[in-house]
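Taking it in order: structure first as C-alpha cells, then the write-up.
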There are 2 protein chains.
Amino acid sequence: MGHRENPRPGGRSARVQAAVHQSVREMLAKMDRADVTIPLIAQRANVTPSTIYRRWGDLQELLADVAASRLQPEGEPARIGSAREDLEAWVEQYADEMASGVGRQMLRDVLATIDGTNAERCSGYTQQQLCVLIARAKENGESFPSLGELMDHLISPIIYRILFDQAFDAGYVRELVARVMRKSNA
Amino acid sequence: MGHRENPRPGGRSARVQAAVHQSVREMLAKMDRADVTIPLIAQRANVTPSTIYRRWGDLQELLADVAASRLQPEGEPARIGSAREDLEAWVEQYADEMASGVGRQMLRDVLATIDGTNAERCSGYTQQQLCVLIARAKENGESFPSLGELMDHLISPIIYRILFDQAFDAGYVRELVARVMRKSNA
DNA sequence: GCACAAAAGCAAATAATTTGCGTTAGTGAA
DNA sequence: TTCACTAACGCAAATTATTTGCTTTTGTGC
C-alpha cells in the first residue's frame with residue numbers, strides 16, 4: 001500500500017494516507033473502539049468518507065493496515081551482551097508489547113481481514129528482528145536456534161496465549177527461551 | 001451465550017438461536033462472506049434484524065459465536081493404538097481442518113471479537129481433546145507430554161502458521177509431534 | 001508546461017443500524 | 001393449571017453508514 005512498483009500517472013496522495021492513519025491512531029487512543037467509524041475518521045482527517053471506502057474498502061481493512069504499520073519495529077534489537085541475552089531482552093519486550101491491550105487489539109485487527117497481507121507483513125517484521133539476532137550469534141560463534149525453531153517454539157506459544165486469552169508472565173517467556181536454547185545446543 | 005446459570009422469567013427462545021445459526025452456516029457455505037449481512041441472515045431465519053442486533057450486537061460477534069460452535073469437536077479422539085499414535089492421528093486431522101479455508105475463517109472470526117469468550121471456548125475444546133489423550137497415556141503407563149507442552153509446542157506453532165498465512169504440510173506436523181515427544185521422554 | 005490517468009471531492013441514492021413501544025413467550029409461585 | 005412477571009421479540013420510524021455517478025483535483029511522464 002505504501003509503495004507502488006510501477007507508478008502510473010495519477011498516483012495516490014501521501015497526504016490522505018498520512019492524515020487517515022494519524023486520525024485512526026488518535027481516535028483509538030482517545031475513544032472506545034466501538035465508536036470509531038469511517039465518517040468520524042474522515043472528518044478528523046479532513047477527507048471525504050468515500051475516499052476511505054474506495055481506498056481501504058471497510059473499517060476492518062483500514063484498522064488492519066494501521067495496526068500492521070504500528071507493529072513495525074522501530075529499530076534493531078538492543079545489544080546487551082551475548083546473543084542469548086539479546087534474545088531474552090528482545091523477546092521480553094516483544095511479549096509485553098503484544099500482550100498489552102493495545103498490542104492485543106492490533107494483533108486482532110491484523111488477523112481479522114480476509115486478505116492475509118497484513119498478517120504476513122506483521123510476521124515478517126518479527127522474523128527480520130530474529131534474523132538480526134541469529135546473525136549476531138553467528139558472528140560471535142555462539143550456538144543459536146534457527147529461525148524456524150524460534151518461530152515455532154518461542155513466538156508461536158506467546159502469540160497463541162495472547163490471542164486465546166491465556167495469561168502468562170516473564171518467567172514463562174524465560175522458560176521458553178531456555179527450552180529453545182537447550183534444544184539448539186543438543 | 002448458549003446457557004444461562006440463573007434463568008429469570010422471560011427467557012430467550014431457543015428457536016431464534018437455532019434458526020439464526022443455521023441461516024449463517026448456510027449462507028457462509030453458499031455465498032461470498034462479504035455479502036453476508038444481518039438483514040439477509042434475519043430474512044432467511046424468519047427473524048427481525050433488530051432481534052439479531054439486540055442479541056449479538058453486530059455481525060462479527062454473531063460470526064464468532066457461530067464459528068466457536070462449529071469448532072466444537074464431535075467426539076473423542078479416535079483410538080488407533082498407543083497414545084502417541086492417537087495423538088499423531090488426531091493432530092493431523094486437527095491441522096487439516098484448521099488449515100482449510102473454512103477452518104481458517106472460523107479461527108479468524110473467533111479471534112476478531114473484542115470479547116475473548118469465544119476464543120477461550122475454542123482453545124478449551126482443544127485442551128479437552130488433548131486431556132483425553134493424556135489420560136489414555138497415563139492409563140497405559142506411556143510417557144507423554146504435559147498439556148502445557150502440547151499447547152506450546154504442538155498446537156501453537158500450527159495455529160500461528162495458519163493465522164499468519166505460512167504454509168505447512170503433514171511432515172511438519174509429524175516433526176512437531178516427534179519433537180514434543182522426544183522432550184517429554186528426556 | 002501539457003496530456004493523461006488515477007484519486008479525491010461532492011451529493012444523491014441505497015442499505016444497515018439503532019431505538020421506542022406494543023406484543024409474545026418463557027419462568028416461578030400459588 | 002393459572003397468574004404475575006420479566007425478558008425477548010416484532011414492527012416501524014429515525015438515524016447513521018455505505019455505495020455510486022459524476023466532476024474536479026493531483027501526481028506522473030513526456
Side-chain angles (χ1 to χ4, degrees), chain A residues 1-24 26-28 30-66 69 109 112-115, chain B residues 1-24 27-28 30-66 69 109 112-115 117:
Chain A
M1 227 115 230
H3 316 282
R4 166 185 282 289
E5 3 267 330
N6 186 19
R8 272 166 286 168
R12 321 183 131 164
S13 83
R15 177 196 128 241
V16 170
Q17 156 92 3
V20 169
H21 271 235
Q22 190 190 335
S23 171
V24 170
E26 287 172 7
M27 294 183 69
L28 286 178
K30 283 182 191 162
M31 46 200 291
D32 196 49
R33 120 174 270 88
D35 300 332
V36 175
T37 65
I38 286 187
L40 277 179
I41 294 166
Q43 187 176 24
R44 175 183 284 255
N46 279 313
V47 152
T48 302
S50 65
T51 296
I52 297 183
Y53 285 114
R54 282 203 242 250
R55 188 147 167 182
W56 280 278
D58 62 11
L59 184 61
Q60 279 201 348
E61 288 198 55
L62 172 56
L63 291 178
D65 185 33
V66 172
S69 297
D109 287 343
T113 57
I114 322 251
D115 172 21
Chain B
M1 224 116 226
H3 316 283
R4 168 184 279 290
E5 3 268 331
N6 186 18
R8 273 165 286 167
R12 321 183 130 165
S13 83
R15 177 194 127 242
V16 170
Q17 155 93 5
V20 169
H21 271 235
Q22 190 189 336
S23 171
V24 170
M27 293 183 69
L28 286 179
K30 283 183 192 163
M31 46 198 292
D32 196 49
R33 126 174 264 86
D35 300 331
V36 175
T37 65
I38 287 187
L40 276 180
I41 294 166
Q43 187 176 25
R44 175 183 285 255
N46 279 313
V47 153
T48 302
S50 66
T51 296
I52 297 183
Y53 286 114
R54 283 202 243 249
R55 187 146 169 183
W56 281 277
D58 61 12
L59 184 61
Q60 279 199 349
E61 288 198 56
L62 171 56
L63 291 178
D65 185 33
V66 172
S69 297
D109 287 343
T113 56
I114 322 251
D115 171 22
T117 312

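A, B, ... follow the sequence lines: proteins, then strands. Residue 1 opens every chain.
Spacing between atom CD1 of Ile38(B) and atom P of dT18(C) amounts to 8 Å, rounded to whole angstrom units. One atom, CD1 of Ile52(B), and another, C1' of dA16(C), lie 12 Å apart when rounded to the nearest Å. One can place CG of Asp35(A) at 13 Å from C1' of dT18(C), the figure rounded to the nearest angstrom. Taking atom CD on Gln43(B) and atom P on dA15(C), their separation rounds to 12 Å, with Å as the unit.
Side-chain N/O atoms of Arg55(A) include none lying less than 4.0 angstrom from OP1 or OP2 on dA7(C). Listed pair Thr48(B) / dC9(D) fails the phosphate criterion, with no side-chain N or O lying under 4.0 Å from OP1 or OP2. The phosphate of dA16(C) (OP1 or OP2) has a side-chain N or O of Thr37(B) nearer than 4.0 angstrom.
Residues that satisfy the side-chain hydrogen bond (donor to acceptor under 3.5 Å, both in side chains) test with Ser69(B), not counting sequence neighbours, are Arg121(B). Every residue meeting the side-chain hydrogen bond (donor to acceptor under 3.5 Å, both in side chains) condition with Asp115(A), not counting sequence neighbours, appears here in chain and number order: Thr117(A). Residues meeting the side-chain hydrogen bond (donor to acceptor under 3.5 Å, both in side chains) test with Ser50(A), sequence neighbours left out: none.
Looking at which nucleotide of DNA chain C each of Leu59(B) and Ala14(B) is closest to, the 5′-most match is held by Leu59(B). Heavy-atom nearest nucleotides on DNA chain D were determined for Asn46(B) and for Asp58(A), and the one closer to the 5' end corresponds to Asn46(B).
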Could you tabulate the donor-acceptor pairs under 3.5 Å formed by side-chain atoms of residues 31-49 of chain A, not counting sequence neighbours?
from	atom 1	to	atom 2	distance (Å)
Arg33(A)	NH2	Asp109(A)	OD1	2.9
Arg33(A)	NH2	Asp109(A)	OD2	2.7
Thr37(A)	OG1	Leu40(A)	N	3.3
Arg44(A)	NH1	Glu26(A)	OE1	2.5

Listing time: all N or O pairs from protein to nucleotides 19-26 of chain D that are below 3.5 Å?
from	atom 1	to	atom 2	distance (Å)
dG21(D)	O6	Arg54(A)	NH2	2.3

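The two atoms that bring Trp56(A) and Glu61(A) nearest to each other are O-CB, 3.2 Å, heavy atoms only.
Met27(A) contributes atom CE, which lies 10.0 Å from atom CG of Leu63(A) (distance to the nearest 0.5 angstrom).
In secondary-structure terms, DNA chain C builds stems of at least 3 consecutive Watson-Crick or G-U pairs, each pair having both distances under 3.5 Å, at C:1-30 with D:1-30.
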